[in-house]
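Chain letters run A, B, ... following the sequence lines, proteins first, then strands; residues in each count from 1.
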Amino acid sequence: MYYRNKNKERQKKKAPEVLKLSFNIQESIKAMLNNADKYYNPVFCRSFESEQGNKYHQFHDTQFKRKFLEIIHGDIQQNLAKAINVTSKLQRNSDIDRILQNDYREKHNQDAYNNMLKLRLKLPVYKKRSEILQLVEDNQVVVISGETGCGKTTQVAQFILDDELEAGNGSVTRIICTQPRRISAISVAERVAMERTENLGNSVGYQIRLEKQLSRDHGSILFCTTGILLQIMKHDPALKGFSHVILDEIHERTTESDFVITLLKQVIPKRLDLKVLLMSATLNAESFSKYYNNCPTIHIPGFTYPVQEFYLEDVLSFVNYKFPEAPPEPTGYRKHLKRYKEQQCKKEEFLDILQPYIRQLMAEKKYETHIIHQLWNPNSENLSLELIEKLVRYICNTKAPGAILIFLPGMIDISNLNKMMLESGCYSSHTYVIYPLHSRMPTVDQKLIFKEPPHGVRKIIIATSIAETSITIEDVVYVIDCGKTKFGKFDVSKNIQTLEPEWVSLANAKQRRGRAGRVKSGECYHMYTKAREMTFDHYPLPEMLRTRLEEVILQIKTLQLGRVKEFLSTVMDPPDLKAIDLSLALLETLNALDKDENLTPLGYHLAHLPLDPRTGKMILWGALFSCVEPIFAIAASLTFKDAFYCPLGQEEQANKKKLELSMGQYSDHIALAEALRRYEVARRRGNARQFCREYFLSFNTLKLLSEMKAQFAQYLYEMRFLDSENPSHISSNRNSDNIALIKAIVCAGLYPNIAVVRRVTKNGVVSWTPEDGSVRIHPSSVNNRVSNFPSRYLTYFTKQRSTAIFLHDTTCISVPILLFAGPNMSIKREKGQYIISINFSETIICEEESAELIQELQQALNSLLEYKVTNPATVSWSTFEVNLLNAIIELVSQTDQELGFDSTRENASYHEDSTYDIN
DNA sequence: GAGCACTGC
């Protein structure tokens with residue numbers, strides 16, 4: 001009874017407020033809308049029937065109209081057929097042939113070149129040179145399989161180039177070679193240029209996003225990321241600019257390389273003179289050959305030093321360790337019951353797989369009984385940092401000098417092991433250096449980690465899978481592989497991204513082992529049994545099967561590859577139809593595709609921006625509303641990565657600094673914008689590095705983000721959505737200091753990603769979304785420890801299920817902002833009041849006239865956006881358009897101040913420290 | 001109280 005009363009009381013307190021716009025705002029919206037009738041009705045709200053009967057919005061701009069209709073009505077087969085007849089840059093020119101031939105022959109007289117050649121001759125791949133060249137000569141597609149250290153990445157393109165130069169075919173030879181990572185594209189290009197005793201930009205070049213050193217047009221090799229090749233194919237689908245395409249590391253099965261492989265299958269029959277080389281690790285080379293009608297495969301042996309392997313059973317004989325006993329029986333709670341069931345499942349699997357093996361070990365009597373006893377314990381399959389620490393100590397005490405590399409699943413584990421080691425007192429800084437290595441930790445940007453430590457000091461690196469391929473530390477001799485890795489997936493049935501630890505694949509395990517044998521023979525300690533290894537998958541799941549497909553679909557549409565499902569059924573491992581449907585539905589909601597899967601004008605722009613479609617929409621709004629700096633900064637941070645480090649042991653200080661950057665706005669997004677703004681101010685003053693240290697930010701990331709902002713501005717300028725290609729230009733930043741507006745645009749871009757705050761607990765904030773029910777705010781969000789929110793609504797970009805469903809980045813938004821952002825709200829009249837529901841279980845009660853005005857404002861704004869994307873142009877800040885935008889600005893700003901958000905800047909501003917190019 | 005790793009004319 002007491003609780004019921006208390007509850008009632010609570011409900012009373014929560015009696016819904018009725019939203020009413022202030023008189024002034026109502027008047028100005030009315031005046032504006034009256035004006036609007038005259039202005040926009042004939043222009044905005046009419047559609048026209050195109051020749052094909054499809055419904056499109058009215059075009060004025062003929063240039064955009066031409067481009068757009070071309071994409072809508074074209075198809076790849078026609079384009080390829082057309083492209084074949086176009087004369088390419090690669091025209092035979094006997095003068096060039098002769099010059100390049102002499103130039104190449106000349107090299108053999110240089111000592112430097114010949115010294116490099118001596119080294120190259122030692123690579124295993126060199127023994128197969130003539131065989132590879134013959135295969136390429138005889139076949140259009142060849143698969144080259146080879147292990148690390150065989151030299152294929154640096155040599156194969158050179159074999160082809162040198163062969164053609166020598167044969168006098170320089171003018172018609174141009175090789176493009178893709179790499180999955182930016183760093184490798186650059187470093188391979190640099191290495192190859194060095195081997196040819198040239199500077200970059202001659203016969204060797206590279207191109208990655210925001211950075212290039214192109215090679216000459218004839219007789220050359222261009223190393224680039226796979227994404228760049230895809231971009232090239234958008235305007236040169238037949239790849240007329242190239243004679244050879246080499247795709248390296250395709251066994252990694254990135255979405256991009258899988259996509260390119262599928263696309264090339266259509267290009268090959270039309271361009272019989274194009275040679276394609278697919279380079280892969282040995283493990284799955286066969287499947288690529290199969291995919292290309294059993295094209296020939298050539299295998300190249302690798303060269304690495306031998307690595308001795310140990311498994312859990314061996315490790316237990318080196319160190320004395322007891323796994324904790326099995327967990328207690330379940331209690332009645334449902335939550336625990338679920339976990340208990342999971343554990344039972346695991347236990348059964350454990351017994352099925354491992355029992356026979358343990359019996360065999362017993363029979364062989366190779367291991368002592370106490371070890372066998374440990375293996376019987378199902379907890380031996382769980383990650384034990386204690387055991388790993390004991391093993392590290394064992395290696396340090398009994399083995400020869402050499403760096404130790406430890407693979408762990410994630411940040412928490414790295415942090416815990418690091419702490420454990422420091423607190424044990426066994427790793428004095430005179431004899432040990434310990435580096436945690438994670439993409440979000442400051443050590444990734446340090447060069448120190450690659451250096452050999454002073455004599456008598458042992459280097460210990462505690463890393464995630466980042467040290468498998470992305471970061472190579474040469475002097476590693478001992479590898480400890482915990483056997484697990486965190487894996488991002490997309491749960492189709494629940495429509496949610498997940499991140500959970502899983503057993504690695506054999507390919508990962510092999511790669512980890514190989515890290516121990518780069519400079520001399522090494523040792524690898526697997527923290528799982530030989531039996532467990534037998535259950536590992538051969539390879540990780542291809543990326544295309546574990547991510548959302550919006551961007552892939554937009555690519556399919558701009559490349560005019562036809563129906564999405566039809567095309568995706570031709571990739572090597574086609575994604576789930578349900579996953580395709582979910583992404584198609586979202587693109588339709590965003591108005592990027594129409595009901596028939598056709599690209600809309602908005603979709604056309606989103607497909608051309610190097611951004612996720614939601615953040616793409618955000619930057620279009622940012623351009624229209626003239627608040628480019630903060631919005632572009634937020635969009636770049638969300639799709640690329642944010643610059644905030646997680647510094648071990650200083651997490652609290654880092655969180656405080658982030659809170660400071662959020663400027664009392666209850667918003668991670670504002671903190672992202674502010675971080676980049678202050679970085680740019682600091683850079684102009686010459687103290688950017690110091691600023692980054694003080695605020696626990698990554699200098700490298702901020703630098704890239706800043707450049708990305710400029711790239712967005714360039715595209716939008718070319719499309720005429722902006723008046724300047726400089727993102728700092730005053731004309732693009734009239735409203736950059738209006739924080740309420742910034743939040744409104746963030747919300748409009750991220751909509752329908754809205755959550756409602758339910759309650760604040762000791763352990764953080766619990767919120768609610770219609771799709772998932774209860775969700776948590778991630779501890780790294782500035783909003784996780786807020787006790788009193790000015791509004792109950794949050795917008796977010798990333799939602800991910802790990803130990804719970806977390807919203808990683810959040811912005812608290814007021815009701816008017818929510819109304820502005822939600823494009824499909826419905827207004828119902830009930831008991832004399834208007835109830836606005838926003839595709840969302842929460843309803844907002846609104847005073848009648850305000851409701852109508854908001855709805856009309858919404859419609860006018862949507863028409864404006866549609867009109868603008870169809871007829872790209874900037875807003876003329878002196879006309880009706882500006883009245884409409886100002887009315888919206890007023891609407892979203894109004895209650896922000898009342899709610900206690902500080903909406904205007906006092907100390908800091910985008911207009912301070914003026915660097916605007918007024919001209 | 002916690003984010004494997006990549007990428008884009």
Participant: Let me know the distance between CZ of A/Arg614 and C1' of B/dG8, rounded to the nearest Å.
Facilitator: 19 Å
Participant: Using a cut-off of 4.0 Å between protein heavy atoms and nucleotide atoms, how would you tag nucleotides 2-7 of chain B 5' to 3' with B, S and -?
Facilitator: BBBBSB
Participant: Can you pull the salt bridge (charged side-chain N to carboxylate O under 4.0 Å, His left out) pairs that have at least one residue in residues 799-808 of chain A, sequence neighbours excluded?
Facilitator: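 Of all non-adjacent pairs touching residues 799-808 of chain A, those that pass salt bridge (charged side-chain N to carboxylate O under 4.0 Å, His left out) are A/Asp491-A/Arg801, A/Glu500-A/Arg801, A/Glu771-A/Lys799, A/Asp772-A/Lys799.
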Participant: Do the side-chain N or O atoms of A/Gln711 get closer than 4.0 angstrom to the phosphate oxygens (OP1, OP2) of B/dC9?
Facilitator: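 A/Gln711 to B/dC9 OP1/OP2: side-chain N or O found under 4.0 Å.
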Participant: Under the ring pair (Phe, Tyr, Trp, His ring centres under 6.0 Å) test, which residues partner A/Phe721, sequence neighbours left out?
Facilitator: A/His605
Participant: Identify, with sequence neighbours excluded, every residue that meets ring pair (Phe, Tyr, Trp, His ring centres under 6.0 Å) alongside A/Phe712.
Facilitator: A/Phe632
Participant: Crowded around A/Lys703 NZ? As in, over 12 foreign heavy atoms under 6.0 Å?
Facilitator: no
Participant: Output the rounded distance in Å from CZ (A/Phe712) to C1' (B/dG8).
Facilitator: 9 Å
Participant: Considering residues at least two apart in sequence or located in another chain, which fulfil the ring pair (Phe, Tyr, Trp, His ring centres under 6.0 Å) criterion with A/Tyr645?
Facilitator: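 With sequence neighbours excluded, A/Tyr645 shows a ring pair (Phe, Tyr, Trp, His ring centres under 6.0 Å) to no residue whatsoever.
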Participant: May I have the distance from A/Lys234 (atom NZ) to B/dG8 (atom P), rounded to whole angstrom?
Facilitator: 12 Å
Participant: If you look only at pairs with a residue in residues 249-264 of chain A, which of them pass as a salt bridge (charged side-chain N to carboxylate O under 4.0 Å, His left out), with sequence neighbours excluded?
Facilitator: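 Listed once each, the pairs are A/Arg181-A/Glu252, A/Arg253-A/Asp258, A/Arg253-A/Asp573.
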Participant: How long is the line joining CD of A/Gln555 and P of B/dC9, in whole Å?
Facilitator: 10 Å
